[in-house]
Amino acid sequence: MNRIYRNAMAVLALAVGAMTTACSDWDDHYGVSNTGVVGNANGYLWENIKSNEQLSMFANLLEKVGYDSILSTSQSFTVWAPTNDVLAADYDRLNNLSESELLREFVKNHIARNLYAATGNIGTQKVLMLNKKVVTFSGSGSYTMGDANVVNANIPNYNGIMHTVDKEITFNYNIYETIDSTKYPLDSLHGYFAKYNVRQFLPGSSVEGSVVDGQITYVDSVFLENNLLFYDYNALINREDSSYTMIAPTDRAWRSTYERISKYFNYVSGYQFIDRSDTPVDTAVTFDAGYLKDSLIKQSIMSSLFFNNNIRTNRNLLTLEPGQNFPATDSLQSTLGHKYYASDATELFSEGIKLERSNGNFWLVDSLHLFPWRTYAPIIKIEAESGYTVIPEQYRSSAFSVYETTKNPNVPGRVSNYRYLSVYSESQSNPSFHMYLPNVLSTTYVIFGVFVPANITDTAFQGEILPNRARMRIYYNRANGTKAPTPRNGSYFTTNPEKVDTVNMGEFEFPIAYRGTSSGQSMYYPSLTIEGNARNNKNYHEDYVLRMDCVILVPKEMIEYLQQHPEYLKYYPEYKNFL
């Protein structure tokens, strides 16, 4: 023990002992209640708790998690101790908690470092408890600690102060502690988070014990608890100074959702690479298909369940109750940037139990209402001018910019990303080009191409504005991972040259999923080819230049939903081009 600290504590103990012996000095200054719970100013906190019959239940719980040793050290503590009368009704539950829960939710919730005396007007003090919770200690003459009243105040001990209270100090769960608790049927959710827990030992915050074999031992080891998923989902749900809303699936909801979306994640252990270069090289990729499928299903379930309440449009979540319609003019944004307008937001929060937590709200739900295209099977958009496009050597290509200031105002529609790709042949033959399709799942997509007319930036364009005639071909892997021997050909379509035209090029069901199969610079994707087929005779005149903005893969479920619910377009008018 540090000699200076020991001497200082001895002086404090003598002073406290003298005041206790004289009785009136201590009682007058600190207002000790005389209800039979007394302390020994020369005894450590643990000695006084253990020797007091009225605190035997509290002592048993402390000893169970090693706090008999910690409260016997020379560090200063303040303890708010529930007596046996207080604990009798709840003792069995507390005694049956795991050690980690008992520590976090009860023991550390009644102890703070440093000295907090109840004397005179103490105002409102914010006390940082050992479990990092902040509890309000307040009063003048009579005192409260959180929601508990102080019965006996300022019971002296050699290494601190003890007060007794008339009830357990309520442990205020934050969102992450709720997941970590055994109070709710969240084993699946808890297990998912537990895999990514990280513990870092903090020797400077731990209580040192004796030196054994030249090594310092610790009677109270303090760890910084963290979880990698907090950062993956951009949701620091363990922080007391944050405010989040989380939709938490029970085990029942987790299992049913997992089963429902697993069909989108069909993987096999090996894929053949579909190389669209002029000199293709056959390669293959192998991986743990079961692990990838399980990981991505869980990631897909979780990716839309967190909302930061500090974002302006999310503040409605603070007052939203189960079954209540979300305001029609507002939207939600998840921590990963997924947007939900009124109907989607109302559906997400249509049922469940809303629990107020210390850092936000926790919605416990027995089923997850997730629209596939807003969550686990989103729309896939590939810009034609991006690195996913491969131009065969015999053709030429250029990327052009189209800004609001340069766009021809007579052409309806807009060019996404303000750029489009032009592919042509110097010999005026039919051009074609290839596009890799990233993040495709094992489901049916309706595939749209967005084509740009020749006068997109030219109000004085000379000549006739001609349409394109083209078709797509899909190159894909079969259900066993091998490359399909022939592509799937779509039907020919003709674009409308009077606007930026979104064309339904056909639909295709991919047998296996590709999301997550790429590594580094290698792309293991299916692909499509846009193949022009212009005709120039007395009956048909078409453009030999393919001007393409992007390709959009829309899950077929979304198209069917739009057909059945046209009112959905009120919130997402951009989807009207898909009908």
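Positions are given from 1, in the same order as the sequence printed here.
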Non-neighbouring partners of [X] that pass ring pair (Phe, Tyr, Trp, His ring centres under 6.0 Å), sequence neighbours left out:
{"X": "Y196", "result": "Y192"}
{"X": "F433", "result": "none"}
{"X": "Y233", "result": "F306"}
{"X": "F307", "result": "F349"}

N/O donor to acceptor pairs below 3.5 angstrom from side-chain atoms of residues 263-275, sequence neighbours left out:
| from | atom 1 | to | atom 2 | distance (Å) |
| --- | --- | --- | --- | --- |
| Y264 | OH | E557 | OE2 | 2.2 |
| N266 | ND2 | K263 | O | 3.3 |
| Y267 | OH | R515 | O | 2.6 |
| Y271 | OH | A513 | O | 2.5 |
| Q272 | OE1 | K483 | N | 2.8 |
| D275 | OD1 | S277 | N | 3.0 |
| D275 | OD1 | S277 | OG | 3.0 |
| D275 | OD2 | V281 | N | 2.9 |

Apply side chain to side chain donor-acceptor pair (under 3.5 Å) to [X] and list each qualifying residue two or more places apart in sequence or on a separate chain.
{"X": "N310", "value": "none"}
{"X": "W363", "value": "none"}
{"X": "T182", "value": "E101"}
{"X": "T178", "value": "R357"}

Side-chain atoms of residues 572-579: list all donor-acceptor pairs with protein atoms under 3.5 Å, sequence neighbours left out, distances to 0.1 Å.
| from | atom 1 | to | atom 2 | distance (Å) |
| --- | --- | --- | --- | --- |
| Y572 | OH | Y341 | N | 3.2 |
| Y572 | OH | D344 | OD2 | 2.5 |
| Y575 | OH | R374 | NH1 | 2.7 |

Item to complete: Could you tell me if the ring centre of Y476 sits under 6.0 Å from that of F508?
Response: yes
Name every donor-acceptor pair, under 3.5 Å, that has one atom in a side chain of residues 390-398 and the other anywhere in the protein, sequence neighbours excluded.
| from | atom 1 | to | atom 2 | distance (Å) |
| --- | --- | --- | --- | --- |
| Y395 | OH | N430 | O | 3.1 |
| R396 | NH1 | E393 | O | 3.1 |

Using atom types as modelled, flag every donor-acceptor pair under 3.5 Å from a side chain in residues 527-534 to any protein atom, sequence neighbours excluded.
| from | atom 1 | to | atom 2 | distance (Å) |
| --- | --- | --- | --- | --- |
| S527 | OG | R276 | NH1 | 3.2 |
| T529 | OG1 | R276 | NH1 | 3.1 |
| T529 | OG1 | H434 | ND1 | 2.8 |
| E531 | OE1 | R471 | NE | 2.8 |
| E531 | OE1 | R471 | NH2 | 3.2 |
| N533 | ND2 | Y492 | OH | 3.4 |

